[in-house]
Amino acid sequence: PSTLFRRSALLAGLATLVAAGPALAQTQITIHHALPPNSHTGAGPIAFKETFERLTNNRYRIVIQRNDNEREMIESVQIGTIDCTFTSTGPVGNFVPEVRIFDVPFLFRDTAHARGVLDSEIGQQVLARFNARGLHGVIWTENGFRHLTNSRRDVNTPADIRGLKVRTMENQVHMRAFSVLGALPTPMAFSELVPALQQGTVDGQENPISVIVANNLNQVQRYMTLTNHVYSPAVMICNPGTTQRLNAADRAHFMTAARAAQAANRARVTADEASGVEELRRRGMTVITTVNTAAFQEALAPAFAEWERTMDAATLRRIRDWR
Ligand code: PAF
């Protein structure tokens, strides 16, 4: 080949290298979460990625992946094989026991109450407890209020729950609540839920409307009761090393991106809750919307008494009184 050809090949090669320069300098951050990308859970990491990559001029590349086993993701964050996860608090209490306080049934009156408490000093103090467990609690997101579905019968009263095999998350507080109601709580990862419902290993499950819609649980569950029995917080958790490695400016961008994730997730939950009941009825589910909440709270009285003893009673009171 002529010298001219070799020179232009060299120049072309250099140009490619220059163009690829920033890509070579990219640092990868992996984020895993449950549920499809087009769901309230997927909305958080997607907003995080868009915001953080833009604010850092693509010096970072966020790689997002789905995993419906939330306990496994937290373990991976703790040992550092992935950087971050967006997870419900379902299994988090097994790592950071202080989180369990937010899993108490009927603790929050409504979404504004829950979001307000989590964003307040009370929520921030609980996030600060993650460090002692080798985790960084970055920001609260959410699943929304959980409701009961099953394949056996209409559930109108607490007595209707008796004897039902109900899949719960791997969460001691939720399991205790369902056993006090006379159900047979069966903890398992979400990844195992659909086969368990199909095979009749369990009769029912409980999840927010957003989850039931996004995962077509109407295909395996006939009855749904809007029990609103517990608010289901979610949280962005990272390996402490991931955030410690960032310089001060990038750490600020990281938090801006986390706030964008929180806003996107909450907006999607609000939208899903507004349209979800109609959508599930359209898909053939029987949905009971009028529920005697006081009857469910009364049935849970023995569990409430236990939690007053085993949890931080003063914080429980502060949360209930929060306005
Ligand atoms: O039921 C669960 O395990 C959780 O609510 C889910 C669906 C994984 C979302 O966080």
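Numbers for residues simply follow the sequence, beginning at 1.
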With ring-ring contact (aromatic ring centres under 6.0 Å, His included) as the test, would you mind laying out the steps for Phe108 and His113 before giving the verdict?
CA-CA 6 Å; Phe108 296 108; His113 182 199; 5.2 Å; yes
His32 and Thr85: CA distance, side-chain angles, deciding distance, side-chain hydrogen bond (donor to acceptor under 3.5 Å, both in side chains) verdict:
CA-CA 5 Å; His32 289 192; Thr85 180; over 6 Å; no
Working for salt bridge (Lys or Arg N to Asp or Glu O under 4.0 Å), residues Arg54 and Glu50
CA-CA 6 Å; Arg54 179 173 45 77; Glu50 278 166 11; over 6 Å; no
Please determine whether side-chain contact (heavy atoms from CB on, under 4.5 Å) holds for the pair Trp322 and Ser120, giving the CA-CA distance in whole Å, both sets of side-chain angles, and the decisive distance to 0.1 Å.
CA-CA 10 Å; Trp322 195 91; Ser120 77; 4.1 Å; yes
Determine whether Arg100 and Met311 satisfy the following criterion, side-chain contact (heavy atoms from CB on, under 4.5 Å), listing intermediate values before the conclusion.
CA-CA 8 Å; Arg100 291 193 182 123; Met311 291 189 188; 4.0 Å; yes
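Using modelled atom types, one finds no donor on one side chain facing an acceptor on the other under 3.5 Å when comparing Gln262 with Thr141. Side-chain atoms of Asn143 and His40 include a donor-acceptor pair closer than 3.5 Å. Remark: the Arg222 side chain and the Asn150 side chain contain no N/O donor-acceptor pair separated by less than 3.5 Å. There is no side-chain donor-acceptor pair under 3.5 Å between Gln65 and Asn67. Between Ser191 and Asp68, the side chains place no donor N or O within less than 3.5 Å of an acceptor N or O (distance only, hydrogens not considered). Side-chain contact, His253 with Thr56: no donor N or O sits under 3.5 Å from an acceptor N or O. A side-chain donor-acceptor contact under 3.5 Å links Thr242 and Asp83.
Between the side chain of Thr89 and the backbone N or O of Val92 there is no donor-acceptor pair closer than 3.5 Å. Side chain of Lys165 to backbone of Leu184: no donor-acceptor contact under 3.5 angstrom is found. Side chain of Asp312 to backbone of Ala314: a donor-acceptor contact under 3.5 angstrom is found. Between the Glu70 side chain and the Ala189 main chain, no donor and acceptor come within less than 3.5 Å of each other.
Counting heavy atoms from C-beta on, the side chains of Val155 and Ile288 never come closer than 4.5 Å. Two residues are said to be in side-chain contact when any heavy atoms from C-beta on lie closer than 4.5 Å; Val287 and Tyr223 fail this criterion. Annotation: side chain of Val166 is not in contact with side chain of Pro185 (no heavy-atom distance under 4.5 Å). When side chains are defined from C-beta on, Ile101 does not count as touching Val173, because their heavy atoms never get closer than 4.5 Å. Looking at heavy atoms from C-beta onward, Asn292 lies out of side-chain contact with Thr157 at the 4.5 angstrom threshold. Inter-residue side-chain proximity for Thr186 and Thr168 is flagged as unmet; no heavy-atom pair is nearer than 4.5 Å. Taking 4.5 Å as the limit, some side-chain heavy atom of Pro105 sits within range of a side-chain heavy atom of Trp307. Leu55 has its side chain within reach of Thr256: a pair of non-hydrogen atoms, C-beta onward, lies under 4.5 Å apart.
Taken to the nearest 0.5 Å, the OG1 atom of Thr225 stands 7.5 Å off from the CD1 atom of Ile161. Going from atom CE of Met224 over to atom CG of Asp154 covers 13.0 Å, rounded to the nearest 0.5 Å. Taken from CG in Leu300 to CZ in Arg176, the straight-line distance is 10.0 Å, to the nearest 0.5 Å. To the nearest 0.5 Å, atoms CD1 (Ile64) and CD1 (Ile29) are separated by 11.5 Å. Interatomic distance, Ile319 CD1 to Leu118 CG, rounded to the nearest 0.5 Å: 8.5 Å. Note that OG1 of Thr51 is 11.5 Å distant from CD1 of Ile46, once rounded to the nearest 0.5 Å.
Annotation for Ala258 and Met236: closest pair CB-SD, 4.2 Å, computed over non-hydrogen atoms. Here the closest heavy-atom approach between residue Gly144 and residue Val269 is recorded as CA-CG1, 4.1 Å. Across every non-hydrogen atom of Trp140 and Gly123, the tightest pair is NE1-O, 3.1 Å. Across all non-hydrogen atoms, the minimal contact from Asp103 to Val230 is O-CG2, 3.3 Å. Nearest heavy-atom pair across Phe95 and Pro97 is O-CD, 3.6 Å. For Ala47 against Ala264, the heavy-atom pair with the smallest separation is CB-CB, 3.7 Å.
Taking 4.0 Å as the cut-off between side-chain N and carboxylate O, Glu279 and Arg283 count as a salt-bridged pair. Between Glu308 and Arg320 there is a salt bridge, since at least one side-chain N of the basic residue sits less than 4.0 Å from a carboxylate O of the acidic one. Arg115 has a carboxylate O that lies under 4.0 Å from a charged side-chain N of Glu142, or vice versa, which qualifies the two as a salt bridge. Electrostatic pairing of Glu121 and Arg318 counts as a salt bridge here, judged by a charged N lying under 4.0 Å from a carboxylate O. Checked for salt-bridge contact, Arg281 and Glu278 meet the test: a charged N lies under 4.0 Å from a carboxylate O. Electrostatic pairing of Arg266 and Asp119 counts as a salt bridge here, judged by a charged N lying under 4.0 Å from a carboxylate O.
Under a hydrophobic clustering in which Ile, Leu, Val, Met, Phe, Trp and Tyr are joined whenever their side-chain heavy atoms come within less than 4.5 Å, directly or via other members, Leu246 and Met255 fall into the same cluster. Val180 and Val104 end up in the same hydrophobic cluster when Ile, Leu, Val, Met, Phe, Trp and Tyr side chains are linked at under 4.5 Å. Val117 and Leu107 fall within a single hydrophobic cluster, where Ile, Leu, Val, Met, Phe, Trp and Tyr side chains are chained together by heavy-atom contacts under 4.5 Å. At a threshold of 4.5 Å between side-chain heavy atoms, the hydrophobic network of Ile, Leu, Val, Met, Phe, Trp and Tyr places Val202 and Met285 in one connected group.
Each of Arg146, Glu206, His174 was scored for a side-chain hydrogen bond (donor to acceptor under 3.5 Å, both in side chains) with His229, with one residue passing: Glu206.
Remark: Asn247 CG is packed, more than 12 non-hydrogen atoms of other residues, nucleotides or ligands lying under 6.0 Å away. Residue Arg153 qualifies as enclosed at atom CZ: its count of foreign heavy atoms under 6.0 Å is above 12. Within 6.0 Å of CD in Glu298 there are 12 or fewer heavy atoms belonging to other residues, nucleotides or ligands. Around the CD atom of Gln172, the shell of radius 6.0 Å holds no more than 12 heavy atoms that belong to other residues, nucleotides or ligands.
Partners of Ala252 according to the side chain to side chain contact (heavy atoms under 4.5 Å, CB included) rule, which considers only residues two or more places apart in sequence or in another chain, do not exist here.
Side-chain rings of Phe254 and Phe52 approach one another, their centers coming within less than 6.0 Å.
Residue pairs meeting the disulfide bond (SG atoms under 2.5 Å apart) criterion with at least one member in residues 86-131: none, sequence neighbours excluded. Pairs passing the salt bridge (charged side-chain N to carboxylate O under 4.0 Å, His left out) check and including a residue from residues 245-256, sequence neighbours excluded, read Arg59-Asp250.
Ring geometry for Phe48 versus Phe86: interplanar angle over 60°, hence perpendicular rather than tilted (30 to 60°).
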